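This one's a predicted model, so the numbers in the text were calculated from it and none came from an experiment.
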Amino acid sequence: MNKISFLLIDYLKHALRAFFAFLNGGVSCVVCGNKTGVYMICKKCLKEKFSADFILGIRRCRICGKELLTDEDFCSECREKPVLKHIDKMIPLESYRLWNKELLFLWKINSVRSMSRLFAHVLSDCLFKLGIKVIVPVPPRPNKIKENGWDQIDELCSYLKYKYGFCVLDILERKSVEQQKKLNREERLNSIGKAYFMKNEERVAEILKKAGLKKLDEVCLVDDVFTTGATLESCSKILKDRGVERVFAVTLFIVD
């Protein structure tokens, strides 16, 4: 799909969603409960809770990005046993609490795909302010699209690419077919270095050439949820082993 096709289809989908939302009297904002339009967050709550200035202004752990409530530079987990060793900067947009749990449930489980458009808007503002230009999406497990009909991160990155102009490089693949949510913390940490790999050199070179890049100096991994950090650590290690100098990571939510 090219940019024009994507934007045209997106416009038509959004227009249909707006039409049916109007017929049904709108939807309720998951934060304040007030009626809103297509999205599950009203404009007021979006500005107050999900603006880039608000998100990037939070004091965070220098390693994992969790919000800090003390004067320490690192959270207790990262002081004792940090998982992220190959990521230069980690930014989660929101904590996985309260209404954020409902937002993720609506998006991933109920397939409310208008959330992809909304999340992309919030994410793009933060990425622009961070100076990030090249994105590497965390790949889905094999057969996910076949089972669910779509991949949330792929759709999110399509918006970032076609609507907001980011360079998106699909250069990673996933080996494991087991769902991460079914693994406990120890099992997730033991999967580091085993679940993901980079595509072969010829394919990577082809992707870089198509994107107009000679090599990768700085990239940003994008995923939906940071739980233990095992996924991001696996992917960042692969990228750095293949010569990427700086690896950032952004997730929509963080379990803290």
Engineer: Considering residues at least two apart in sequence or located in another chain, which fulfil the ring pair (Phe, Tyr, Trp, His ring centres under 6.0 Å) criterion with Y162?
Structural biologist: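 In terms of ring pair (Phe, Tyr, Trp, His ring centres under 6.0 Å), with neighbours along the sequence ignored, Y162 is linked to F6.
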Engineer: Looking only at heavy atoms, which two atoms of D217 and K215 are closest? And how far apart?
Structural biologist: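 Shortest heavy-atom contact: OD1-CE, 3.0 Å.
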Engineer: Ion pair present between R59 and D73, side-chain N to carboxylate O less than 4.0 angstrom?
Structural biologist: yes
Engineer: Go through the steps for C167 and L213 under the test side chain to side chain contact (heavy atoms under 4.5 Å, CB included), then give the verdict.
Structural biologist: CA-CA 10 Å; C167 177; L213 300 172; 4.0 Å; yes
Engineer: Among all residues two or more places apart in sequence or in another chain, which pass the ring pair (Phe, Tyr, Trp, His ring centres under 6.0 Å) test with H121?
Structural biologist: none
Engineer: Find out if a path of hydrophobic residues (ILVMFWY) with successive side-chain heavy-atom gaps under 4.5 Å connects L56 to L160.
Structural biologist: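 Yes, L56 connects to L160 through the hydrophobic network.
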Engineer: Looking at R62, I want to see if its CZ is surrounded by more than 12 non-hydrogen atoms of other residues, nucleotides or ligands under 6.0 Å.
Structural biologist: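 Atom CZ in R62 is not packed in, count stays at 12 or less.
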Engineer: Do any N or O atoms from the side chain of N100 and from the backbone of S95 form a donor-acceptor pair under 3.5 angstrom?
Structural biologist: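 Yes, N100 side chain to S95 backbone: donor-acceptor pair under 3.5 Å.
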Engineer: Find out if a path of hydrophobic residues (ILVMFWY) with successive side-chain heavy-atom gaps under 4.5 Å connects I9 to F119.
Structural biologist: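 Cluster IDs for I9 and F119 differ.
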Engineer: With F166, which residues qualify under ring pair (Phe, Tyr, Trp, His ring centres under 6.0 Å), at least two apart?
Structural biologist: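 Ring pair (Phe, Tyr, Trp, His ring centres under 6.0 Å) list for F166, sorted by chain: F128.
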Engineer: Within the supplied structure, the quantity of interest is the number of heavy atoms (other residues, nucleotides, ligands) at a distance under 6.0 Å from F22 CZ; does it exceed 12?
Structural biologist: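 It does not: F22 CZ has 12 such atoms or fewer within range.
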Engineer: Counting N and O atoms only, with roles assigned by atom type, does the side chain of R117 sit under 3.5 Å from a partner on the main chain of D10, one being a donor and the other an acceptor?
Structural biologist: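 Side chain of R117 to backbone of D10: no pair is present.
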Engineer: Taking salt bridge (Lys or Arg N to Asp or Glu O under 4.0 Å) as the cut-off, I'd like each qualifying pair that reaches into residues 230-239, sequence neighbours left out, listed once.
Structural biologist: K237-D241
Engineer: Are V83 and L68 connected in the hydrophobic side-chain network, where two residues link if heavy atoms are under 4.5 Å apart?
Structural biologist: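 Cluster IDs for V83 and L68 differ.
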Engineer: Under the ring-ring contact (aromatic ring centres under 6.0 Å, His included) rule, what pairs show up with a residue in residues 52-102, not counting sequence neighbours?
Structural biologist: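 Matches after skipping sequence neighbours: none remain.
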Engineer: Is there a continuous path of hydrophobic side-chain contacts, each under 4.5 Å between heavy atoms, that joins L239 to V138?
Structural biologist: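 Yes: a chain of side-chain contacts under 4.5 Å links L239 to V138.
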Engineer: What I want to find out is whether K240 reaches D88 closely enough, with some N-O distance under 4.0 Å, to be called a salt bridge.
Structural biologist: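 Judged by the 4.0 Å cut-off on N to carboxylate O distance, K240 and D88 do form a salt bridge.
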Engineer: Sequence neighbours left out, what passes salt bridge (charged side-chain N to carboxylate O under 4.0 Å, His left out) with K108? Give chain and number order.
Structural biologist: D224
Engineer: Looking only at atom types and distance, does a side-chain atom of N200 sit under 3.5 Å from a main-chain N or O of E202, one as donor and one as acceptor?
Structural biologist: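 Yes.
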Engineer: Under 6.0 Å from the NZ atom of K35, do we count more than 12 heavy atoms belonging to anything else shown?
Structural biologist: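 Count over threshold, so yes.
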Engineer: Is it possible for you to say whether V204 and Y196 belong to one hydrophobic cluster, with membership spreading through side-chain heavy-atom contacts below 4.5 Å?
Structural biologist: yes
Engineer: Please find the pair of heavy atoms, one from I63 and one from P82, that lie closest to each other, and give the distance.
Structural biologist: CD1-CB, 4.1 Å
Engineer: Ion pair present between K209 and E206, side-chain N to carboxylate O less than 4.0 angstrom?
Structural biologist: no
Engineer: Taking atom CG of L23 as the centre, report whether more than 12 heavy atoms of other residues, nucleotides or ligands fall under 6.0 Å from it.
Structural biologist: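 Yes - once you tally the heavy atoms of other residues, nucleotides and ligands closer than 6.0 Å, there are more than 12.
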